[in-house]
Amino acid sequence: MALSDQEYIRYSRQVMLSQIGEQGQTKLKSSHIIVVGLGGLGCPALQYLAAAGIGELTLIDDDVVDLSNLQRQVLYRSNHIGKAKVDAAEQQLYGLNAQVKITSINKKVEQADLAKRLINADLLLDCTDNASSRYFINKACQQARVALVSAAAIGGNGQLAVFNFAQQKSPCYRCLYPDLDKQIGTSLNCQNAGVLGPVLGVMGSLQAIEAIKLLTQPEQVKANSLMLFDAWQLKFNEVKLNTNRLCVNCS
Ligand SMILES: [Zn+2]
C-alpha cells in the first residue's frame, strides 16, 4: 500500500519525522483503531487519529450530543445538539479526512459485538467514563490480545495507561482498579464532579500519541505504567504497574 502524491503532501510533516517516515505512514494507513466513547477524550483522540491518516476507525457510542457537552467535546457544534454522537463525529471526521474509512456503531459497547470487531483491530482506545464499560472493554481486549490505551479525567486531573496485551504478562485495567464494581453508581464522573475541558484535550491527545507509537514505534510505548496529570500543578507523575495476583482477570 504505497502513498499517493496527495497523501505525501497531506502527511508530509509527520512523514519527515525519522520515527514515522514513509514506512510508518503506510503502517498507519493499513491500521484499524476502535474508539469507544465519543466524549471529551474520544473527540480530541479521534480528531488527531483521522488527521494522522489511520486507515480505519470504528466509533462506538450510544449517546446524543447535549448542550452541556460542548464545553469539552471538541468535535461537536451547536447544530449537532440532539444528534447521535457517532453520526456527528463521523461527519466531522470525514470533513477533515475523507480517506479514512469510518464505521459508526450507535450502541452501548456491551451490545456492539466487540469481540468480533477486535479480531480485525490493531488497538482500542477506551474513552468511556464508567467502570462497567471499562471492565468490559478491558476483558475483551485482554482476551483478544489487542492493546488497550486507557485514559480518564476528572476535575483538573487526568490519567493514562497503556496495556499491551500482545505481550505476555501484561497487567490489565482490573489489576490497577480491582474494586470499581462496588463504587458503580456512587463513583465520581464528569457529570457529577465537573472537569476542566482542556484536561480532556491533553489526555485524549496522549491517547492518540500512544496509539500512533504503538503502530509505528511500539518499543517506545510506556506500557505497564500509569501516567498521572495534574493540571492545577502542571505536573506529570508516573506510577509503575504490576500484575495483581488477586486480579479476577489475571489470576
Ligand atoms: Zn488484571
Side-chain angles (χ1 to χ4, degrees), residues 31-37 39-42 45 58 60-61 107-154 157-190 200 203-204 206-215 217-230 236-251:
S31 296
H32 173 204
I33 298 180
I34 300 176
V35 177
V36 188
L41 295 166
T58 295
I60 303 176
D61 194 299
K107 289 180 180 172
K108 285 193 186 303
V109 66
E110 291 85 352
Q111 274 100 52
D113 289 327
L114 190 60
K116 211 166 76 188
R117 296 182 194 285
L118 281 167
I119 295 169
N120 300 311
D122 294 283
L123 57 102
L124 182 147
L125 266 56
D126 184 349
C127 302
T128 64
D129 62 355
N130 68 86
S132 58
S133 297
R134 286 174 184 277
Y135 280 162
F136 178 84
I137 291 165
N138 174 59
K139 195 165 188 180
C141 287
Q142 197 174 25
Q143 284 171 344
R145 306 195 68 162
V146 170
L148 166 63
V149 183
S150 179
I154 195 159
N157 295 91
Q159 49 180 268
L160 172 86
V162 177
F163 302 100
N164 194 352
F165 294 125
Q167 290 173 349
Q168 291 290 342
K169 294 269 174 199
S170 168
C172 81
Y173 182 78
R174 200 146 193 166
C175 292
L176 174 62
Y177 295 114
D179 290 323
L180 290 173
D181 280 17
K182 292 171 192 155
Q183 300 165 20
I184 289 175
T186 58
S187 61
L188 292 177
N189 58 36
C190 295
L200 290 151
M203 303 319 295
L206 288 176
Q207 284 181 286
I209 289 172
E210 292 305 273
I212 290 170
K213 282 161 59 187
L214 274 166
L215 297 169
Q217 298 274 314
E219 66 285 355
Q220 299 291 332
V221 173
K222 270 206 168 150
N224 306 346
S225 80
L226 176 70
M227 294 298 294
L228 300 165
F229 175 59
D230 181 335
F236 279 99
N237 282 308
E238 185 181 350
V239 179
K240 182 103 185 84
L241 294 184
N242 292 307
T243 307
N244 181 344
R245 281 183 302 118
L246 301 174
C247 174
V248 293
N249 289 354
C250 297
S251 58

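The figures that follow rest on heavy atoms only: side chains count, while hydrogens, waters and symmetry mates do not. Just follow the structure's listing: the first ligand is 1, and inside any ligand the first atom is 1.
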>> Let's test this: below 2.8 Å, count the protein N/O/S atoms around the Zn ion (ligand 1).
In response: 4

For a quick test of your reading: what N or O donor-acceptor pairs under 3.5 Å do the side chains of residues 240-251 make, sequence neighbours left out?
unit_1	atom_1	unit_2	atom_2	d
Asn244	OD1	Leu246	N	2.9
Asn244	ND2	Cys175	O	3.3
Ser251	OG	Cys247	O	2.7

> Asn138 side chain to Tyr173 main-chain N or O, any donor-acceptor pair under 3.5 Å?
Replying inline: yes

>> Using the side-chain hydrogen bond (donor to acceptor under 3.5 Å, both in side chains) criterion, which residues pair with Gln207? Sequence neighbours excluded.
In response: none

>> Tell me whether Asp122 contacts the main-chain N or O of Ile33 through its side chain, where contact means a donor paired with an acceptor under 3.5 Å.
In response: no

>> List the residues meeting side-chain hydrogen bond (donor to acceptor under 3.5 Å, both in side chains) with Asp126, not counting sequence neighbours, and say none if there are none.
In response: Thr128

>> Quick one, Phe136 and Leu114 - any side-chain contact, counting heavy atoms below 4.5 Å?
In response: yes

